[in-house]
Amino acid sequence: AALSKHYGSRAVLDEASLTVTPGEKIALVGANGAGKTTLLRVVRGEEEPDRGSVQLANGWVVGYLPQDAGVVDARTLWDEMLAAHADLLQLQHEIAAVEAELHGDLSDEQLTALVDRQAELVARFESRGGYNVESEIHKVLAGLGFREEDLRKRTDQFSGGWRTRIALAKLLVRSPDLLLLDEPTNHLDLDATEWLEAYLRASSASAIVVSHDRYFLDRCISRTVELEGGKLTEYAGNYSAYVAEKARSRQVQRAAYERQQRELKRQQEFIDRFRAKSSKATQVKPRKAGRQG
């Protein structure tokens, strides 16, 4: 349903409506303060609209990367990544605990019990796709510029820019159905930005992307939606196509305005001439009356 959202008397969203199809990548554009972040927060469920509702396809998981994304400090980078799959993180900790016990002084019975326990935990980890997740974590972290030795570092040892990369990596490894990305290339270098472009193009997830990086948008989105005056206007194609279409639209509007101004000027000139003739006719009448006398 169309969304409306007001802050005081200002309508940030005014009967705004948008449909996202599976796998589609959309750029959300508009002037600063137009309400792009508000729209993302409403879709995410972090803010309630005044009217309307967000309707998600059955079972869709939404992942949101805000501009000020944070990470948990008291974990290693690896644990922070696995925290996107909490059940797998718990299993991995249990497996590590069993492995630690296996190095102790054990009786045969204790050794057998621990080996059986380890086999059970590993089987559960594998059945839940744990090894695929681990592979995906390595791929995403490498793509965003992390090194193998970074996996053991605590997240609070990374600078602000790298912490933003951690938040992005954590979001991607969750594999949501709809990605909401607010300035995702902030703090990314060229290599990481190009990797993210390729990742999004290849991903089966849908995405709504807010970014000032026009080259990034051109490479990974297929439709542009502009938020202006609380309304959403759709443009087919990438960001450059939107800019060109917007320029053409403004040119048409300018030409129509200029035609209107010319017509108003012509009408005004006609009125002025008519008034001048009427004024002369009024001046002539008394003189004629004087000669007749």
Leu82 and Val133: CA distance, side-chain angles, deciding distance, side chain to side chain contact (heavy atoms under 4.5 Å, CB included) verdict: CA-CA 8 Å; Leu82 264 185; Val133 169; 4.1 Å; yes
Verdict with reasoning, Glu269 to Arg266, per salt bridge (charged side-chain N to carboxylate O under 4.0 Å, His left out): CA-CA 5 Å; Glu269 288 172 349; Arg266 188 188 68 79; over 6 Å; no
Stepwise side chain to side chain contact (heavy atoms under 4.5 Å, CB included) test for Arg254 and Tyr257: CA-CA 5 Å; Arg254 189 180 302 116; Tyr257 172 78; 5.5 Å; no
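Shown here are the side chain to side chain contact (heavy atoms under 4.5 Å, CB included) partners of Arg262, two or more places apart in sequence or in another chain: Glu258, Arg259. Residues forming a side chain to side chain donor-acceptor pair (under 3.5 Å) with Asp87 (at least two apart in sequence, or on another chain): none. Here Asp191 pairs with nothing under the salt bridge (charged side-chain N to carboxylate O under 4.0 Å, His left out) rule; sequence neighbours left out. With sequence neighbours excluded, the residues satisfying side chain to side chain donor-acceptor pair (under 3.5 Å) with Glu46 are Arg41. In this view, Asp177 and Trp60, Val61 satisfy the side chain to side chain contact (heavy atoms under 4.5 Å, CB included) rule, not counting sequence neighbours. With sequence neighbours left out, Glu109 forms a side chain to side chain donor-acceptor pair (under 3.5 Å) with no residue at all. For Glu126, the side chain to side chain contact (heavy atoms under 4.5 Å, CB included) partners are Tyr131, not counting sequence neighbours. Every residue two or more places apart in sequence or in another chain that forms a side chain to side chain donor-acceptor pair (under 3.5 Å) with Lys246 is listed here: Glu226, Glu228.
The CG atom of Asn238 sits 8.5 Å away from the CG atom of Leu217 when rounded to the nearest 0.5 Å. Taken from CG in Leu89 to CD in Glu80, the straight-line distance is 9.5 Å, to the nearest 0.5 Å. Interatomic distance, OG1 of Thr233 versus OH of Tyr242, reported as 9.0 Å (0.5 Å rounding). Note that the CG atom of Asp182 and the CG atom of Leu65 stand 7.5 Å from one another [nearest 0.5 Å]. Of the inter-residue distances, the one linking Lys36 atom NZ with Leu39 atom CG reads 10.5 Å to the nearest 0.5 angstrom. A distance of 10.5 Å separates CZ of Arg51 from CG of Leu3, quoted to the nearest 0.5 Å.
Checking side-chain atoms of His85 against main-chain N and O of Val173 turns up a donor-acceptor pair under 3.5 Å.
You'll find the side chain of Phe158 reaches within 4.5 Å of the side chain of Leu77, heavy atoms only. A heavy-atom distance below 4.5 Å is found between the side chains of Arg223 and Leu18. Considering only heavy atoms from C-beta on, Val225 comes within 4.5 Å of Glu234 through its side chain. Using a 4.5 Å heavy-atom threshold, the side chains of Leu188 and Leu168 count as touching.
Sparse packing is recorded around CD of Glu48, with 12 or fewer heavy atoms of other residues, nucleotides or ligands lying under 6.0 Å away. The environment of CZ in Phe270 is sparse: at most 12 heavy-atom neighbours from other residues, nucleotides or ligands sit within 6.0 Å.
Arg219 and Glu194 are not joined by a salt bridge, as no carboxylate oxygen comes within less than 4.0 angstrom of a charged side-chain nitrogen.
Counting only N and O atoms by type, the side chains of Ser206 and Glu24 include no donor and acceptor under 3.5 Å apart.
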Only distances under 3.5 Å count here; give the side-chain donor-acceptor pairs of residues 134-143 to other protein atoms, sequence neighbours excluded, each with its distance to 0.1 Å.
residue: Glu134; atom: OE2; partner: Gln92; partner atom: NE2; Å: 2.6
residue: Glu136; atom: OE1; partner: Lys139; partner atom: NZ; Å: 3.4
residue: Glu136; atom: OE2; partner: Tyr199; partner atom: OH; Å: 3.4

Donor-acceptor contacts under 3.5 Å from residues 207-215 side chains, at least two apart:
residue: Ser211; atom: OG; partner: Asp213; partner atom: N; Å: 3.0
residue: His212; atom: ND1; partner: Glu183; partner atom: OE2; Å: 2.5
residue: His212; atom: NE2; partner: Asn32; partner atom: OD1; Å: 3.4
residue: Asp213; atom: OD1; partner: Tyr215; partner atom: N; Å: 3.2
residue: Asp213; atom: OD1; partner: Phe216; partner atom: N; Å: 3.1
residue: Arg214; atom: NH2; partner: Ser240; partner atom: OG; Å: 3.3

Return a table of donor-acceptor pairs under 3.5 angstrom between the side chains of residues 118-125 and protein atoms on other chains or two or more places apart.
none

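Listed by first and then second residue, the salt bridge (charged side-chain N to carboxylate O under 4.0 Å, His left out) pairs that reach into residues 97-106 come to none, sequence neighbours excluded.
For the pair Pro176 and Gly63, the tightest heavy-atom approach, listed with the atom from each and the gap, is CB-N, 3.6 Å. Taking both residues in full, the closest heavy atoms of Arg75 and Lys170 are given as NH2-NZ, 3.9 Å, listed atom of the first, atom of the second, then distance.
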